[in-house]
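The next block holds one structure in the form of structure tokens; read it before the comments.
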Amino acid sequence: MKNKGLAAVIVIVLVLAVIVGAMALGNDDNPADNMSEMETSQTENTPAVQENSSQPATVSSQANAVEVEIKDSAYTPATIKVKAGTTVTWTNRDSIKHDVTADDKSDDAPMSELLAGGESYSFTFNKTGTYTYHCTPHSFMKGTVIVE
Ligand code: CO
């Protein structure tokens, strides 16, 4: 009976050893989990960095006239918020030609000719709404005028 009791204790100890071993193996997996968590947080951080280094957020203006520069093949500010009746003037500061073409080509939306370096185009926004526009030769150039 004593031997059986001892055998039972040994079995229990072995089972516990296996369980502890399994837990240790489980802990070995944790560094991988931590790495994937780090990758996730890095991915989450990336947009914030891009926000800081790219164009600023929407620029609001109460002025009757607002200037947008076309420089380095980009509209700056890319997004402006103005009141109805505001005249927006785009000036091309690049040596290559750009234009201002509304995505929705209605009569009440901006539509310029190709602007050479130093040339400007003005449009008065009388109707409220969100006007998205682009550059015809460079479709990656995008801008927005929000009229309130
Ligand atoms: Co362009």
Side-chain angles (χ1 to χ4, degrees), residues 9-148:
V9 167
I10 289 170
V11 166
I12 288 168
V13 167
L14 285 175
V15 167
L16 285 173
V18 167
I19 290 170
V20 169
M23 286 174 69
L25 284 175
N27 286 339
D28 284 347
D29 288 339
N30 280 347
D33 291 344
N34 291 341
M35 280 183 68
S36 59
E37 282 171 13
M38 282 172 64
E39 284 168 11
T40 302
S41 60
Q42 279 174 356
T43 305
E44 286 168 357
N45 286 341
T46 303
V49 171
Q50 285 178 342
E51 262 181 22
N52 291 338
S53 61
S54 66
Q55 309 222 340
T58 303
V59 174
S60 297
S61 174
Q62 290 297 309
N64 294 319
V66 174
E67 303 279 335
V68 174
E69 280 204 328
I70 307 175
K71 196 174 180 182
D72 299 330
S73 293
Y75 303 104
T76 305
T79 302
I80 56 173
K81 190 181 288 184
V82 302
K83 58 182 182 175
T86 299
T87 298
V88 178
T89 298
W90 289 263
T91 301
N92 183 9
R93 303 295 185 193
D94 281 344
S95 55
I96 60 172
K97 290 185 176 180
H98 299 291
D99 70 8
V100 176
T101 299
D103 295 347
D104 180 10
K105 299 176 181 177
S106 68
D107 292 338
D108 296 314
M111 191 75 57
S112 79
E113 302 292 321
L114 276 171
L115 304 172
E119 290 185 335
S120 295
Y121 166 75
S122 294
F123 182 84
T124 301
F125 291 86
N126 289 314
K127 284 188 178 177
T128 59
T130 298
Y131 300 78
T132 56
Y133 62 91
H134 61 274
C135 177
T136 304
H138 316 106
S139 56
F140 62 89
M141 293 176 61
K142 296 174 189 300
T144 303
V145 178
I146 302 164
V147 184
E148 292 183 324

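Just follow the structure's listing: the first ligand is 1, and inside any ligand the first atom is 1. Side chains are part of it too, since the values below use all heavy atoms of this structure and drop only hydrogens, waters and symmetry mates.
- Put simply, the side chain of K81 never gets that close to the backbone of I146: no donor and acceptor are under 3.5 Å apart.
- A side-chain N or O of T136 and one of T101 form a donor-acceptor pair less than 3.5 Å apart.
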Residues M111, V100; criterion side-chain contact (heavy atoms from CB on, under 4.5 Å); working and verdict: CA-CA 6 Å; M111 191 75 57; V100 176; over 6 Å; no
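- Inclusion of T136 in the first shell of the Co ion (ligand 1) is not supported: no N, O or S atom falls under 2.8 Å.
- When distances from the Co ion (ligand 1) to the N, O or S atoms of H138 are compared, ND1 comes out shortest.
- For the Co ion (ligand 1), the nearest N, O or S atom contributed by H98 is named ND1.
- A 4.5 Å side-chain heavy-atom check between Y133 and F123 finds every atom pair outside the cut-off.
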